[in-house]
Structure formats: structure tokens, C-alpha cells
Amino acid sequence: MIAFIKNHPILSNFLAMILLVIGVLVGVLFWLDYYTRHGEAEVVPDVRGVTVDVATTILAGKGMQGMVIDSVFRPTAAPGVVLEQNPIAGGLVKDGRRIYLIMNAKMAQMVSFPDVQDMSLRQAKVQIESAEFVIKEIVFEPSEYKDLVLAVTFKGDSVKAAQKLP
């Protein structure tokens, strides 16, 4: 068999190429296992409900990096606490992985109040609610027109169009 392969150089080159390709593939697979640290993982701790400083400290203790990517305002949550995280708690990640955090803003965003003066109540409600304001109370006063918005108040003060409110 060896004499047959030595007499046919094309066949011997072909076998050498096949062995080389198999050797390279096996080498790459072993290198990938080493490079990607296959089988090594840390469990992501649950940092929701704690302040961002505490969350980053907890994550750093596990070899992960906490990174705030967004803040939203939820009045039911304490200011500055983590509301969401990605990857979620209990997931497996590699050492040094970034954990993306969404925190509760320290105060509500200031938004321009829409101009609803001399507008029908129905249309004014739609504009106010689409700007994400909450209508607490509607006071009806006698007027020349039915359901006409005469004034808007916030904490007892009159609100002007485009005034910034939380």
C-alpha cells in the first residue's frame, strides 16, 4: 500500500492535504475552546431594586461590569434604583461581561404642556394624555360654550401653553 502511494504523487499529495485540513480543524477547535473559555461561566446576580452604585459594586465582585444605558421615571420606584437588567438575573455569562442596567430617574422629565385653552374638553383630554400627563380633577364652571376648557391648573397655579411640567 505504501509503495502504491509513493508511485502515485497525486494520491500522496491528496492524502497529505486531507491530513493537513483535519489537523488544522482540530487545532482550531481546541484553540476556540481555550479562547472562548468554553465551560466557564458566572451566574448573573439580581441587582434590581438597589441603587446603581451598589449594583455596580455587586457586579464588580462577580467579575462583571455594570453599565447604565437608560433611565426612565416611575413614580412608584425609589429614585436611582435599578429597574431592569440585561442579561437577566440567573443567566450565565463569561467573566468581564457587561451587564446593562436601566435605572429609575431621580426626578420626572420636564415636558412642555400642550396649548388646550379654548378647546373642547374631549380634544383637550386627548392632547394632555398623549403628552403623558395625568388629569386629576375636572372642575366645571358656567360658560357660554359647553365643555370648553377655560383654564388649567397645576398645584393651584395656572398653567400656560408650552410651560414645562414634570
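In this chain, numbering begins with 1 at the start of the sequence shown.
Of the inter-residue distances, the one linking S112 atom OG with K164 atom NZ reads 3.5 Å to the nearest 0.5 angstrom. In this structure, CD1 in I138 is found 9.0 Å from CG in D147, a value given to the nearest 0.5 Å.
Taking all atoms of both residues into account, the shortest heavy-atom contact from L101 to G66 is CD1-CA, 4.3 Å. For the residue pair V44 and P87, the shortest heavy atom distance occurs at CG1-O, 3.8 Å.
Annotation: side chain of L148 is not in contact with side chain of L121 (no heavy-atom distance under 4.5 Å). Looking at heavy atoms from C-beta onward, V47 lies in side-chain contact with V50 at the 4.5 angstrom threshold. Two residues are said to be in side-chain contact when any heavy atoms from C-beta on lie closer than 4.5 Å; D157 and T153 fail this criterion. Under the 4.5 Å side-chain criterion, counting only non-hydrogen atoms from C-beta, T56 is not in contact with I58. Within the 4.5 Å cutoff, side-chain heavy atoms of V43 are placed close to those of L92.
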D46 vs R48, test: salt bridge (charged side-chain N to carboxylate O under 4.0 Å, His left out). Steps then yes/no. CA-CA 6 Å; D46 189 3; R48 293 174 297 166; 2.9 Å; yes
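The closest donor-acceptor contact from the side chain of N104 to the backbone of A77 lies under 3.5 Å. Under the 3.5 Å distance criterion, the side-chain polar atoms of K94 are matched with a main-chain donor or acceptor of T36. Side-chain N or O atoms of Q85 include none that pairs as donor or acceptor with a backbone N or O of I99 at under 3.5 Å. Checking side-chain atoms of Q127 against main-chain N and O of A124 turns up no donor-acceptor pair under 3.5 Å. Panel note: side chain S120, backbone Q123; a donor-acceptor pair is recorded below 3.5 Å.
One finds a salt bridge joining R74 and E84 here, because a Lys/Arg side-chain nitrogen approaches an Asp/Glu carboxylate oxygen to under 4.0 Å.
Connection of Y100 to V81 is established within a shared hydrophobic cluster, with ILVMFWY side chains joined at heavy-atom distances below 4.5 Å, either directly or through further cluster members.
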